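Notes follow once the structure below has been shown.
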Number of protein chains: 2
Amino acid sequence: MTIHHPAKKDLELADVLHALSDPQRLRIVRLLAEDPAPRACGSFGLEISKSTRTHHFRVLRESGVIETRQEGTARMSSLRRDDLEERFPGLLDAVLEPAPA
Amino acid sequence: MTIHHPAKKDLELADVLHALSDPQRLRIVRLLAEDPAPRACGSFGLEISKSTRTHHFRVLRESGVIETRQEGTARMSSLRRDDLEERFPGLLDAVLEPAPA
DNA sequence: ACCAAAGTTCGAAGATCGTCGTATAATCGA
DNA sequence: TCGATTATACGACGATCTTCGAACTTTGGT
């Protein structure tokens with residue numbers, strides 16, 4: 001059961017924006033950006049159930065925002081920074097920037 | 001019945017991203033960016049019903065992406081470029097950039 | 001005063017979304 | 001082999017979203 005990721009050329013702006021428009025997912029992306037080392041889904045301190053977490057990570061993965069590889073029982077996720085930058089230059093940085101007061 | 005717009009400081013990133021994550025609304029925003037002169041909602045050549053159009057323009061307005069003022073029977077809309085740039089620097093440009101092949 | 005034009009409002013239908021609990025699968029260590 | 005850990009799969013529920021048509025409002029022109 002291989003994990004599906006969209007190819008870089010298939011990334012859709014609307015899908016990426018939708019993936020980022022949920023507070024939980026935005027939080028995940030921000031945490032991933034702060035510490036670029038791939039992390040297990042369970043290590044984000046999110047106060048949601050396991051199945052909801054799985055759901056959000058799938059949305060992020062299928063829209064092309066994150067990349068996930070199996071490592072033992074854990075799934076290590078990391079941002080697809082370079083792919084996103086190539087397809088939608090400046091988008092991720094704009095989203096990650098802390099909003100000015 | 002005054003038209004409600006959120007104040008610049010109240011713009012929420014998740015709301016803006018959600019507003020931009022719909023293909024119809026993304027199209028509207030791109031057309032508004034191409035020709036910065038305020039335009040009537042009906043002049044976008046969208047192939048959707050009037051009520052759907054009203055809905056999309058309301059989502060864009062209430063998320064703070066566009067500004068609308070009454071002018072006769074028409075409602076003239078324009079992008080809130082400066083406000084968006086101040087709150088979320090680089091975001092609008094990244095979204096408007098034509099995706100590279 | 002009437003009519004046409006531009007939008008809004010009001011349900012309503014159908015799809016998608018976010019969330020959950022339970023059950024299940026895969027891997028690692030004792 | 002057993003149990004703990006990590007995560008997915010499968011419904012299910014209510015909420016929200018996109019879309020529509022029909023009725024209404026407001027404005028401007030004739």
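As the structure is a prediction and not an experimental result, all values here were calculated from the model. Just so we're on the same page: letters track the sequence lines, and every chain starts at 1.
A salt bridge links B:Glu71 with B:Arg69: the closest approach of a Lys/Arg side-chain nitrogen to an acidic carboxylate oxygen falls below 4.0 angstrom.
Going from atom CZ of B:Phe88 over to atom CG of B:Asp83 covers 10.5 Å, rounded to the nearest 0.5 Å. Note that CD1 of A:Ile48 and NE2 of A:His55 are 9.0 Å apart. Values are rounded to the nearest 0.5 Å. Here the CZ-CG distance, from B:Arg81 to B:Asp93, works out to 5.5 Å after rounding to the nearest 0.5 Å.
Distance A:Glu47 CD to C:dG18 P: 19 Å, rounded to the nearest Å. The interatomic distance linking A:Ile48 (CD1) with D:dA7 (P) rounds to 12 Å, in whole Å. Nucleotide D:dT18 holds its C1' atom 12 Å from the CZ atom of B:Arg58, rounded to whole Å. The nearest whole Å value for the distance from the CG atom in A:Leu46 to the P atom in C:dT19 is 10 Å. Following rounding to the nearest Å, A:His55 (NE2) and D:dA12 (C1') show an atom-to-atom distance of 14 Å. Spacing between atom CZ of A:Phe57 and atom C1' of D:dT6 amounts to 12 Å, rounded to whole angstrom units. As a whole-Å value, the separation of B:Glu62 CD from C:dT9 P is 10 Å. Computed from coordinates, the A:Glu71 CD to C:dT27 C1' distance equals 12 Å when rounded to whole Å.
Looking at every heavy atom in both residues, B:Gln24 comes nearest to B:Asp22 through N-OD2, 2.9 Å. The heavy-atom pair separating A:Ala74 from A:Ala40 by the smallest distance is CB-CB, 4.1 Å.
Not a single donor-acceptor pair under 3.5 Å links the side chain of B:Arg75 to the backbone N or O of B:Thr68.
Here the options are A:Val59, A:Val29, A:Asp15, the test is side-chain contact (heavy atoms from CB on, under 4.5 Å), and the partner is A:Leu20; only A:Val29 passes.
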All N/O pairs under 3.5 Å across the protein-nucleotides 3-6 of chain C interface:
unit_1, atom_1, unit_2, atom_2, d
C:dA6, O4', B:Thr73, OG1, 2.9

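For the contact set between residues 15-29 of chain B and DNA chain C, defined by any heavy atom under 4.0 Å, there are no members.
Put simply, the side chain of B:Ser51 and the base of D:dG21 share a donor and an acceptor less than 3.5 Å apart.
Here A:His56 lies in heavy-atom contact (under 4.0 Å) with sugar-phosphate atoms only.
Of the candidate nucleotides C:dC20, C:dG7, D:dT18, C:dC20 has the atom nearest to the side chain of A:Ser49.
Phosphate contact (OP1/OP2 of C:dC20, side-chain N/O of A:Thr52, threshold under 4.0 Å): present.
Geometrically, B:Arg27 does not engage B:Phe44 in a cation-pi contact defined by less than 6.0 Å to the ring centre and at most 45° from the axis.
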